[in-house]
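Right, I'll just put the structure down here and ask away after.
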There are 2 protein chains.
Amino acid sequence: MNKQDYIKTAEGYAYDYPRAAVTTDCVIFGFDGTQLQVLLIERGVEPYKGHWALPGGFLRMDESVEECAFRELREETSIEPEMLEQFGVFSAVNRDPRGRVITIAFYALVRKEAVKGGDDASDARWFDIDSLPHLAFDHNDILKEARQALKRDIHHQPVAFKLLAEHFTMPQLQRLYERILGVTFDRGNFRKKMIASGVVREEQTKPVYTGHRPGKLFSFNLFGYGKMKEDGSNSQEF
Amino acid sequence: MNKQDYIKTAEGYAYDYPRAAVTTDCVIFGFDGTQLQVLLIERGVEPYKGHWALPGGFLRMDESVEECAFRELREETSIEPEMLEQFGVFSAVNRDPRGRVITIAFYALVRKEAVKGGDDASDARWFDIDSLPHLAFDHNDILKEARQALKRDIHHQPVAFKLLAEHFTMPQLQRLYERILGVTFDRGNFRKKMIASGVVREEQTKPVYTGHRPGKLFSFNLFGYGKMKEDGSNSQEF
DNA sequence: TATCTTTGCGTAAAATTTACACAAATAACA
DNA sequence: TGTTATTTGTGTAAATTTTACGCAAAGATA
């Protein structure tokens with residue numbers, strides 16, 4: 001541990017200069033097969049009591065901001081994502097009515113069916129990303145930047161697969177890409193390119209479906225993904 | 001202004017909970033025509049007195065982290081870059097011997113010839129990015145991530161042009177891309193693609209050069225760049 | 001004028017992307 | 001049992017882009 005840089009007084013922890021408080025906030029993305037979604041929690045205390053907000057909280061002295069984000073997420077939503085991606089710092093002087101608070105923003109990708117909390121008697125709820133309520137603090141701004149970060153990262157990281165179940169069909173994967181990027185792809189070409197890239201592997205499992213021809217099942221191929229990244233870095237693209 | 005969230009005591013500013021200090025640090029990239037470079041300053045005080053470090057300093061209560069980064073940069077190096085790109089937060093519990101300090105890291109791109117300070121009797125100096133000294137704090141780690149961020153952003157933002165003089169030759173631009181990305185390109189293809197993309201415009205100015213055939217001069221074409229981005233977002237690339 | 005070095009530019013082959021068309025699989029239903 | 005509706009799987013040809021490579025052009029130097 002570091003030497004202490006404060007003096008404990010009757011009024012609290014005293015420093016030579018005023019200090020901002022540090023928090024972390026998390027944007028939890030999910031996908032219901034059609035819409036990109038976000039997990040929000042309803043605030044139980046002032047300020048913004050009753051408003052929806054991103055899960056998050058104050059940094060402790062014995063943890064990094066990543067550890068803080070994981071902890072708050074576990075405490076408030078019981079979610080333990082594989083990874084949190086840090087995408088921005090929000091520090092406008094008046095962003096928090098309690099005083100000077102800056103927040104480090106992360107996003108996480110989860111399979112909705114793997115989330116325990118958030119559907120029982122909890123105060124957490126999934127919202128379609130295109131019909132969000134007005135959120136507490138500057139959380140609407142944070143969410144906007146989270147979407148951009150996701151859009152940016154999907155090209156370089158195996159982002160989509162963390163939002164889907166272990167087995168998924170090609171149309172499901174395509175719909176997710178389309179929602180994240182805000183575009184539409186040709187079905188045949190999307191499939192061809194995905195398979196050619198080696199990031200997906202066809203599974204033998206029989207698909208259960210309803211109403212029409214069922215799609216073949218695929219899974220994410222970590223090995224193939226690694227190879228894709230290598231090749232990409234040597235290419236002439238710029 | 002916010003209401004005060006501290007109590008001023010004889011020992012300093014007192015808070016209910018202990019707080020980490022917040023700093024910003026800046027990685028200033030430059031390009032000398034051959035090597036990618038970084039501007040560092042020599043620390044005049046403990047800790048790490050005499051060591052080289054990134055310019056940066058403590059967040060004040062009346063500024064955002066962006067404003068803090070700009071201010072510190074101006075104070076320590078006289079540089080006023082067009083923009084600072086935030087790329088990471090470093091918050092390991094023991095990263096600063098003075099106590100609990102987290103830092104928000106930015107990078108900036110500057111034309112070396114436009115930098116006033118840093119070459120007179122100042123304590124700032126340019127270093128080739130591949131022969132850096134051992135830096136103060138965790139600044140070597142920060143620099144490593146800055147390089148990755150630059151590498152990532154060069155595809156989506158007009159990064160390279162901020163490092164070159166207003167007029168530049170195609171081989172100069174190519175060398176810069178090659179240094180940032182760590183690859184080599186075919187000369188003819190690089191040129192073709194750059195011109196076709198519309199991000200550069202040929203200038204009429206006569207080139208001054210020595211030793212061999214001089215390259216034509218180009219400049220960055222903001223309008224063409226904007227168009228490129230639009231098209232890109234509608235494409236089928238994923 | 002010949003030589004050296006680097007830049008500018010063209011071209012053909014290879015690879016990829018794009019735009020469609022059509023067959024196949026399943027459920028629902030007459 | 002066939003017929004229809006819907007969605008998925010697959011092939012193919014044209015258009016476009018990428019890649020590899022060669023040669024001429026523009027200075028400087030001797």
Side-chain angles (χ1 to χ4, degrees), chain A residues 32-34 155 164-165 167-179 181 183-219 224 227-238, chain B residues 32-34 155 164-165 167-179 181 183-219 224 227-238:
Chain A
D32 70 353
T34 307
H155 299 294
L164 295 170
H167 295 322
F168 50 86
T169 68
M170 202 50 84
Q172 284 172 342
L173 181 63
Q174 181 177 345
R175 267 191 292 276
L176 176 54
Y177 264 86
E178 291 178 338
R179 287 295 178 281
L181 292 171
V183 295
T184 55
F185 297 118
D186 176 273
R187 183 160 38 93
N189 296 338
F190 181 89
R191 174 190 219 86
K192 220 181 316 178
K193 208 161 163 179
M194 270 297 160
I195 292 175
S197 76
V199 298
V200 294
R201 179 182 29 226
E202 193 175 334
E203 292 291 325
Q204 298 311 325
T205 330
K206 285 284 175 222
V208 192
Y209 215 56
T210 167
H212 50 71
R213 176 174 182 174
K216 289 185 182 176
L217 288 175
F218 292 85
S219 65
K227 255 180 53 179
M228 188 188 83
K229 281 188 72 167
E230 281 174 44
D231 299 353
S233 69
N234 295 353
S235 92
Q236 297 247 117
E237 284 173 45
F238 47 81
Chain B
D32 70 354
T34 308
H155 299 294
L164 294 169
H167 296 321
F168 49 84
T169 67
M170 202 51 84
Q172 283 172 343
L173 181 62
Q174 181 178 345
R175 266 191 292 274
L176 176 53
Y177 265 86
E178 291 178 340
R179 286 296 178 282
L181 292 172
V183 295
T184 55
F185 298 118
D186 176 273
R187 184 160 38 94
N189 297 337
F190 182 90
R191 172 188 220 88
K192 222 180 316 178
K193 207 162 166 179
M194 271 294 159
I195 292 175
S197 77
V199 298
V200 295
R201 180 181 30 224
E202 193 174 334
E203 292 291 324
Q204 298 311 324
T205 331
K206 286 283 175 221
V208 192
Y209 215 55
T210 168
H212 50 71
R213 176 173 183 176
K216 289 186 182 177
L217 289 175
F218 292 85
S219 66
K227 256 180 50 181
M228 188 189 83
K229 280 188 74 168
E230 282 174 43
D231 299 352
S233 69
N234 297 352
S235 90
Q236 298 246 118
E237 284 171 44
F238 47 83

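Here is how names work: the chains are called A, B, and so on, in the same order as the sequence lines, proteins then strands, and each is numbered from 1. Hydrogens, waters and symmetry mates play no part in the numbers below; they use all other heavy atoms, side chains included.
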Distance in angstrom units between L173(B) CG and dT7(C) P, rounded: 13 Å
Rounded interatomic separation in angstrom, taking CE from M194(B) and C1' from dT17(D): 16 Å
Counting just side-chain N and O atoms, does R191(B) come under 4.0 Å of either OP1 or OP2 of dC9(C)? yes
Please write out each protein N/O paired with an N/O of nucleotides 22-25 of chain D under 3.5 Å, distance rounded to 0.1 Å.
residue : atom : partner : partner atom : Å
dA25(D) : N3   : R213(B) : NH1          : 2.9

Under a 4.5 Å cut-off applied to non-hydrogen side-chain atoms, are K192(A) and D186(A) in contact? no
To the nearest 0.5 Å, tell me how far Y177(B) OH sits from T184(B) OG1. 15.5 Å
Rounded to the nearest Å, what distance is computed from the CZ atom of residue F168(B) to the C1' atom of nucleotide dT7(C)? 16 Å
Under-4.0 Å side-chain N/O to phosphate OP1/OP2 contact, K193(B) with dT18(D): yes
Could you state the atom-to-atom distance from CD of Q174(A) to P of dG9(D) in whole Å? 10 Å
To the nearest Å, give me how far apart CE (M170(B)) and P (dA26(D)) are. 18 Å
Does a side-chain heavy-atom distance below 4.5 Å link R191(A) with F218(A)? yes
Quick one: pull up CD in Q172(A) and CG in L217(A) and give me the separation to the nearest 0.5 Å. 8.0 Å
As an exercise, state the distance from CE of M170(B) to CZ of R187(B), rounded to the nearest 0.5 Å. 12.0 Å
For E202(A), the salt bridge (charged side-chain N to carboxylate O under 4.0 Å, His left out) test, sequence neighbours excluded, returns K216(A)
Axis-to-axis angle for the helix from dT1(C)-dA30(D) to dA30(C)-dT1(D), ends of five pairs each, to 10°, equals 10°
Whole-Å distance between dT6(C) P and Q172(B) CD? 14 Å
Could you tell me how far apart F190(A) (CZ) and dG11(D) (C1') are, to the nearest whole angstrom? 19 Å
dA24(C) C1' sits how many Å from K216(A) NZ, rounded? 11 Å
For R179(B) and T34(B), indicate whether the former's side chain and the latter's backbone hold a donor-acceptor pair under 3.5 Å. yes
Can you name the residues that form a side-chain hydrogen bond (donor to acceptor under 3.5 Å, both in side chains) with S219(B), not counting sequence neighbours? E203(B)
Quick check: do F185(B) and M194(B) have side-chain heavy atoms less than 4.5 Å from each other? no
Each nucleotide N or O in nucleotides 12-16 of chain D that has a protein N or O under 3.5 Å away: list the pair and distance.
residue : atom : partner : partner atom : Å
dT12(D) : O4   : K192(A) : NZ           : 3.0

According to ring pair (Phe, Tyr, Trp, His ring centres under 6.0 Å), who are the partners of F168(A), at least two apart in sequence or on a separate chain? F161(A)
Once rounded to the nearest 0.5 Å, what's the spacing between atom NE2 of H167(B) and atom CD of Q204(B)? 10.5 Å
